[in-house]
Each structure stands twice: as structure tokens, then as C-alpha cells.
Amino acid sequence: MEKFVMSHEFSHPPAGGHISITPTILYFGTPVALVTTLNPDRTPNISPMSSAWALSDRVVLGMSRTSMGRENAVRERELVVNFPSSDLWPRVEAIARATGRVSVPPHKAKIGYEFEPDKFARSGFTPQISETVQPPRIAECPIQFEAEVVAVHEPGADWPAGPEGRFQIIETKVTRVHAHRAIVIPGTSHIDTGKWSPLRYVFRHYFGTGPDLGRTFKSET
Ligand SMILES: Cc1cc2nc3c(=O)[nH]c(=O)nc-3n(C[C@H](O)[C@H](O)[C@H](O)COP(=O)(O)O)c2cc1C
């Protein structure tokens with residue numbers, strides 16, 4: 001029987017104390033993914049995002065309508081989902097207020113976004129040739145999924161109109177998984193979870209992971 005240990009700092013508060021709130025965003029805490037795509041001129045773009053989930057061989061990405069990365073992914077039908085480790089957050093933030101779109105959408109220009117044709121240079125990340133798709137991987141990211149776009153879904157019809165409100169749900173099928181040998185259990189295809197600290201985005205703050213609390217009954221490690 002495994003023991004569940006909770007640190008004092010993060011133990012759950014007493015039951016029954018909930019209040020109703022109206023947050024402007026619902027980013028409860030998902031890993032940051034850096035999606036690499038090819039622009040129409042074949043230069044690479046990096047789109048930081050966090051509205052992503054994986055099931056079976058699919059990774060599904062929620063990307064805003066105005067994002068250059070979304071447009072590239074839908075046109076080219078391929079991309080790489082790169083997962084930075086938590087120590088890389090300053091490089092992610094270095095391209096947070098940038099878009100690969102030449103004409104910056106007004107709602108982004110208003111809060112200081114700039115057109116950045118070379119997000120690799122601005123972030124200090126290094127492109128690495130992919131094996132099954134054309135967009136490059138990001139060499140510094142310990143986990144990289146090459147993927148093809150298999151479907152593009154529209155959100156439900158009650159979504160408010162306007163450039164900020166609209167997004168698409170890009171369903172991708174992973175065609176190759178790369179993991180740095182430093183985080184792989186030697187001789188296996190298992191990630192050593194003690195050595196892998198994904199960068200997470202929690203209500204617009206960056207976090208790493210805490211200590212291993214236990215494992216699900218299906219874990220093979
Ligand atoms: C940590 C982080 C998470 C983000 N998550 C998303 C997301 O899930 N979906 C999205 O469309 N944009 C997300 N963004 C905003 C995009 O990065 C932003 O729209 C950027 O301009 C996209 O670049 P692009 O226009 O070159 O594709 C996120 C930004 C940051 C910094």
C-alpha cells in the first residue's frame with residue numbers, strides 16, 4: 001500500500017469553503033508545448049501554447065484563429081510538438097509577446113505583441129532536422145513529437161464572435177517520438193519521471209513539477 005504524503009504548503013484546504021468566481025481565463029495548469037510549423041516562405045515558426053492533451057496516438061491542440069502557427073498547421077498538415085523542461089521558461093517567455101504573422105492582429109498589437117520572423121533567434125533555441133515531417137524540432141526540448149494533422153475541428157456554435165474569441169481544435173497523429181537519452185530509462189521506451197520536469201502553465205504563471213507523489217496502477221515504471 002502506497003503512502004500519500006502531501007506537503008503542508010500544498011495540502012488541500014478544508015472542504016466546504018468554495019466561493020463562486022469569474023476568472024478571465026480557465027488555464028488550470030497544463031504543460032507548455034512549443035509548436036513548430038513552416039511559414040509560407042518555408043522559414044520555421046515557434047508557437048508557445050498550453051491547451052493540449054494526448055490520448056492514444058493523438059495530440060489535440062487548441063490554437064487561436066489568429067495564430068500563425070494554427071494557419072501554418074492547417075495549411076501544411078504537419079508540425080512538431082516540443083516540450084520544454086521547466087528551466088527553459090525564460091526562453092519561452094522571450095517569444096511570448098511575438099507572432100510570426102507579419103500584420104499583428106489589433107488585439108495583440110494593443111498589448112505589445114510584435115512580428116518576429118525568427119523566433120529561434122529571439123529565444124536562443126536551436127532548430128534540429130525532423131525525421132518524418134518538414135518543420136524542425138527544437139533541439140533543447142527533451143521531448144519532441146513529430147505529428148501530422150488528421151482533422152481540424154470547429155468549436156461549439158455558442159462561442160462569441162470576434163478575433164480574440166475564435167480558435168480551432170487541431171487533431172494530430174504522432175508520427176515519431178524523440179526523447180533525450182538523459183530522461184529515458186536505459187534500454188527501454190520509458191521516460192524516467194524522476195528526471196523529467198515539464199514546464200507547466202498555471203493561471204498564467206510558469207511552474208515546474210514537485211516531487212513524485214505516487215503512481216497510477218497502470219504505471220510500468
Ligand atoms: C505559456 C503560453 C501558453 C499559451 N497557450 C496558448 C494556447 O494554448 N493556444 C493558443 O492559441 N495560444 C496560446 N498562447 C499564445 C500564443 O503563443 C500567441 O498567440 C502567439 O502569438 C502565437 O504565435 P504565432 O502567431 O506565431 O503562432 C500561449 C502563450 C504562452 C506564452
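These numbers come from the heavy atoms of this one structure, side chains and all, not from hydrogens, waters or symmetry mates. Counting convention: from 1, in listed order, for ligands and their atoms alike. Only a predicted model underlies this, so the values are computations on that prediction, with no experimental measurement involved.
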Compare all side-chain heavy atoms of Ile138 with those of Pro127 and state whether any distance is below 4.5 angstrom.
-> no
Contacts of type ring-ring contact (aromatic ring centres under 6.0 Å, His included), residue Phe83, not counting sequence neighbours = Phe145
Hey, is the main chain of Asn39 close enough, under 3.5 Å, to the side chain of Thr43 for a donor-acceptor pair?
-> no
Looking just at side-chain N and O atoms, do Glu154 and Gln168 make a donor-acceptor pair shorter than 3.5 Å?
-> yes
Can you find a side-chain donor-acceptor pair between Glu146 and His178 that sits under 3.5 Å?
-> yes
Filter the ligand 1-protein atom pairs down to N or O on both sides and distance under 3.5 Å, then list them.
unit_1: ligand 1; atom_1: 5 (N); unit_2: Ser50; atom_2: N; d: 3.0
unit_1: ligand 1; atom_1: 8 (O); unit_2: Ser50; atom_2: N; d: 3.0
unit_1: ligand 1; atom_1: 8 (O); unit_2: Ser51; atom_2: N; d: 2.8
unit_1: ligand 1; atom_1: 8 (O); unit_2: Ser51; atom_2: OG; d: 3.0
unit_1: ligand 1; atom_1: 9 (N); unit_2: Gly62; atom_2: O; d: 3.0
unit_1: ligand 1; atom_1: 11 (O); unit_2: Ser64; atom_2: N; d: 2.6
unit_1: ligand 1; atom_1: 14 (N); unit_2: Pro48; atom_2: O; d: 3.3
unit_1: ligand 1; atom_1: 17 (O); unit_2: Pro48; atom_2: O; d: 2.6
unit_1: ligand 1; atom_1: 19 (O); unit_2: Lys108; atom_2: NZ; d: 2.7
unit_1: ligand 1; atom_1: 21 (O); unit_2: Ala98; atom_2: O; d: 2.9
unit_1: ligand 1; atom_1: 21 (O); unit_2: Lys108; atom_2: NZ; d: 2.9
unit_1: ligand 1; atom_1: 23 (O); unit_2: Lys119; atom_2: NZ; d: 3.0
unit_1: ligand 1; atom_1: 25 (O); unit_2: Met68; atom_2: N; d: 2.9
unit_1: ligand 1; atom_1: 25 (O); unit_2: Thr99; atom_2: OG1; d: 2.7
unit_1: ligand 1; atom_1: 26 (O); unit_2: Asn45; atom_2: ND2; d: 2.9
unit_1: ligand 1; atom_1: 26 (O); unit_2: Gly100; atom_2: N; d: 2.7
unit_1: ligand 1; atom_1: 26 (O); unit_2: Lys119; atom_2: NZ; d: 2.6
unit_1: ligand 1; atom_1: 27 (O); unit_2: Ser47; atom_2: OG; d: 2.7
unit_1: ligand 1; atom_1: 27 (O); unit_2: Ser67; atom_2: OG; d: 3.0
unit_1: ligand 1; atom_1: 27 (O); unit_2: Met68; atom_2: N; d: 3.1
unit_1: ligand 1; atom_1: 27 (O); unit_2: Gly69; atom_2: N; d: 2.7

Would you say the side chain of Asp212 lies within less than 4.5 Å of the side chain of Thr193, judging by non-hydrogen atoms?
-> yes
